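One structure is given below, encoded as C-alpha cells.
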Amino acid sequence: MNLMSAPAVFDPLPSSSARVGRPWLSALAADSAYVLTGWVIAVISFSVLVSLLASGIGTLVVGVGFPVLVLGLFVAQGFALLERTRLRTLTGAPVLEPAYRPVSGGSVVRRVLSLLSDGRRWLDLLFGIVVLVPSLFVFPIGLAWWAVAVTGVLYPLYDWALPHGGQDGVSLAQLVGLGDSTTARVGLVFVIGLGAALTLPVVMRGLAMFLSSFGRAMLTRQRASVLAERVSALTESRAAAVSAEATALRRLERDLHDGPQQRLIRLAMDLGTAQRRLRTDPESAGPLISGAIEQTRETLDELRALSRGIAPPVLADRGLPAALASLAARCPVPVELQTEQVETPRLAPAVENAAYFLVAEALTNVVKHSGASAAAVLVSRDEYAVRVTVSDNGGGGAHPAKGHGLAGLLDRARALDGQLVVDSPPGGPTVLAAELPLHGELPLLTAEVPPHGTNPVPNKDNGS
C-alpha cells in the first residue's frame with residue numbers, strides 16, 4: 001500500500017527557468033523535433049479520431065456507437081498522453097496532468113455512461129482533432145526554414161555541381177545588383193543560408209511555443225487551477241492543525257479530570273482523615289497514610305503518562321532520537337526503536353514535535369487497544385521528508401477515520417502538509433506510516449507499508 005501522492009507544484013509553462021542550463025543545440029533539437037513530428041502525429045490523430053467519432057455518432061441509433069465512442073475516447077487519451085510526454089521533452093520539466101473521472105463500478109452500462117460523461121476525455125478527443133490546424137501552419141514554416149539554412153550554408157560545397165546555363169533568365173544575384181559572377185551567386189546564397197541558420201533557434205522556439213500552447217491549454221492543468229488546489233490544501237491543513245490541537249487539549253483536560261484530579265481529591269480526604277485520627281487513634285491512621293503513599297505513586301505514574309502528550313524537555317534539549325528513546329523505555333509494551341539520519345542536522349521544531357507526538361499517540365493506542373506484545377518504531381529522513389513507521393503484532397482493526405483513536409494522528413500529519421496511512425486488517429498486524437515534509441510540501445513520494453501477510457514485529461502468539 002502506498003501513501004497517496006502529493007504532486008509538487010510545477011510550472012506547466014515552458015518558462016526560461018525550466019530551460020536554464022540546456023545547451024542551445026539541445027534546445028534547438030527539442031524544438032525542431034516537436035514542430036516537425038507534430039504534423040505527422042496530428043495527421044494520424046485527426047484521421048483516426050474523426051473516423052471513430054463519425055462512426056460512433058452514426059451508429060448510436062443501433063447501439064453500436066457507444067463502444068465505438070468509448071474506444072475513441074481511449075484512443076484520444078493515448079494521443080493526449082503522447083502530447084504530454086512531448087511537452088515534458090520540450091520544456092525540460094514535468095507538466096501538471098489533469099485527473100480523469102474514476103470509472104464507477106456496477107454494470108457495463110453504468111461504466112460506459114461514466115466514461116462518456118467525463119468532459120476531460122472529450123477535451124482530449126477535441127485536441128486530437130483541432131491540433132491539425134496549427135500543425136499545418138507551423139510545419140511548412142519550420143521545414144522551409146531548416147531547408148533554407150542547410151542548403152544555403154552548404155551551397156559553396158555543391159554549387160559547382162549545379163547547372164548554370166540559363167543566359168535568358170535573371171539570377172537572384174543580378175536582381176540585387178551583384179552581377180552574375182560565381183562569387184556573387186555563391187556569396188549571396190551563403191549569406192541567406194547563414195541568416196536563416198542564425199535565426200533558426202529563435203524561429204523554431206517561437207513555432208514550438210505557438211504549437212505547444214494548444215497542448216498546454218487543453219491537456220494540462222494551468223496555474224490558476226494549481227493555485228486554487230494549493231489554497232484548498234492549505235485551508236485543510238490549517239483546519240487539521242486547529243483540530244489536532246483542540247483534540248489534544250480536550251483529551252488532556254479529560255484525562256486530568258478523570259485521573260490525577262480525582263486521585264488528588266481522594267488523597268486530600270484520606271490525609272485529612274488520617275490527621276484527625278492521629279489525635280484520637282494513631283494506630284488506625286497508619287493504613288490511611290500507607291494508602292495515601294500508594295495513591296501518590298499512582299498519581300505520579302498517571303502524570304508521567306499524561307506528559308507524553310506534552311513535548312518533554314528532552315525533545316528540546318537533546319533532539320528527537322533521545323526523546324523517542326525515553327518514550328520507548330517508558331512504554332509498557334516492549335518497543336524496538338530505530339532512527340536513521342535524524343540526529344544531525346536538527347529537524348525543525350514543528351517537524352520534531354509532530355514526529356514525537358505521532359509516535360507517542362501511536363504507542364498509546366498500542367498499549368490501550370491493540371493487545372500487542374511487541375511494537376517497532378522506525379524514523380528516517382531523506383532530503384524531502386521525515387518518515388515515521390509504527391507497527392505492532394496486535395489484533396488489528398485500527399482505522400484513522402473520525403471517531404476512532406487514530407483521527408488525531410491524521411490531523412497532525414495533515415497540519416504539516418504530510419500524509420498518513422494505516423494498514424490494520426482484522427487479526428493484525430497494524431502498521432502506521434506517515435510522511436512529514438521538511439520544506440512545507442511533499443514532492444512525488446510514497447511510503448511503503450508491508451502487505452497484510454507481513455508481520456513487522458514478533459507475533460504475540462510465538463512467545464516473543
Side-chain angles (χ1 to χ4, degrees), residues 5 7 10 12-14 30-31 33-91 93-140 142-143 207-226 228-229 444:
S5 60
F10 292 114
L13 302 177
D31 294 339
Y34 183 81
V35 170
L36 299 180
T37 61
W39 177 78
V40 178
I41 298 174
V43 170
I44 297 174
S45 68
F46 178 86
S47 304
V48 173
L49 294 179
V50 167
S51 300
L52 289 174
L53 181 62
S55 301
I57 294 177
T59 55
L60 278 177
V61 67
V62 294
V64 180
F66 290 100
V68 175
L69 288 178
V70 169
L71 176 61
L73 293 180
F74 277 113
V75 173
Q77 183 180 349
F79 281 112
L81 178 61
L82 175 61
E83 180 63 20
R84 294 187 190 105
T85 303
R86 282 162 36 83
L87 286 174
R88 280 193 291 269
T89 304
L90 176 68
T91 62
V95 298
L96 290 167
E97 299 186 8
Y100 293 93
R101 179 185 301 173
V103 180
S104 60
S107 63
V108 176
V109 175
R110 287 177 59 87
R111 294 180 181 179
V112 169
L113 293 178
S114 177
L115 284 167
L116 294 179
S117 62
D118 188 357
R120 175 71 262 168
R121 299 179 187 275
W122 285 103
L123 195 59
D124 290 347
L125 187 143
L126 178 62
F127 170 80
I129 294 175
V130 303
V131 72
L132 180 65
V133 177
S135 298
L136 289 177
F137 171 74
V138 301
F139 175 76
L143 184 62
L207 295 175
M209 287 280 288
F210 174 74
L211 183 58
S212 65
S213 64
F214 289 85
R216 294 197 306 270
M218 301 180 69
L219 302 179
T220 67
R221 291 184 294 165
Q222 298 302 302
R223 184 179 295 276
S225 63
V226 172
E229 292 178 5
L444 299 175

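Treat the numbers as computed from the prediction; the structure is a model and nothing was measured. Values reported hereafter were calculated over all heavy atoms of this structure, with side chains retained and with hydrogens, waters and symmetry mates removed.
Note that the CG atom of Leu71 and the CG atom of Leu49 stand 9.5 Å from one another [nearest 0.5 Å]. Between Leu87 atom CG and Leu82 atom CG the span is 10.0 Å, to the nearest 0.5 Å. Taken to the nearest 0.5 Å, the OH atom of Tyr34 stands 4.5 Å off from the CG atom of Leu211. In this structure, CG on Leu52 lies 11.0 Å from CD1 on Ile57, to the nearest 0.5 angstrom. From Arg120, atom CZ reaches atom CG of Leu125 across 11.5 Å, with rounding to the nearest 0.5 Å. Going from atom CG of Leu123 over to atom OH of Tyr100 covers 9.0 Å, rounded to the nearest 0.5 Å.
Shown here for Ser45 and Val131, the closest heavy-atom pair between the two residues is OG-CG1, 4.2 Å. Between Phe214 and Pro134 the shortest heavy-atom distance is CE1-CB, 3.6 Å. Heavy-atom minimum distance, Thr59 versus Ser55: OG1-O, 2.6 Å. Scanning both residues, Asp31 and Ala208, for their nearest heavy atoms gives OD1-CB, 3.9 Å. The nearest pair of heavy atoms linking Leu132 to Phe46 is CD2-CG, 3.6 Å. Shortest non-hydrogen contact noted between Gly38 and Ser135 is O-OG, 3.8 Å.
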inquiry  = Determine whether Leu73 and Asp118 satisfy the following criterion, side-chain contact (heavy atoms from CB on, under 4.5 Å), listing intermediate values before the conclusion.
reply    = CA-CA 10 Å; Leu73 293 180; Asp118 188 357; over 6 Å; no

message = Apply side chain to side chain donor-acceptor pair (under 3.5 Å) to residues Ser114 and Arg111 and explain how you reach the verdict.
response = CA-CA 5 Å; Ser114 177; Arg111 294 180 181 179; over 6 Å; no

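Ring pair Phe139/Trp39 is parallel by interplanar angle, where below 30° counts as parallel and above 60° as perpendicular.
Contact check for Phe66 versus Val70: no side-chain heavy atoms found under the 4.5 Å cut-off.
For Arg216 and Ser213, the side-chain atoms include no donor-acceptor pair closer than 3.5 Å.
Looking at Arg121, its side chain never comes within 3.5 Å of a backbone N or O of Leu115 through a donor-acceptor pair.
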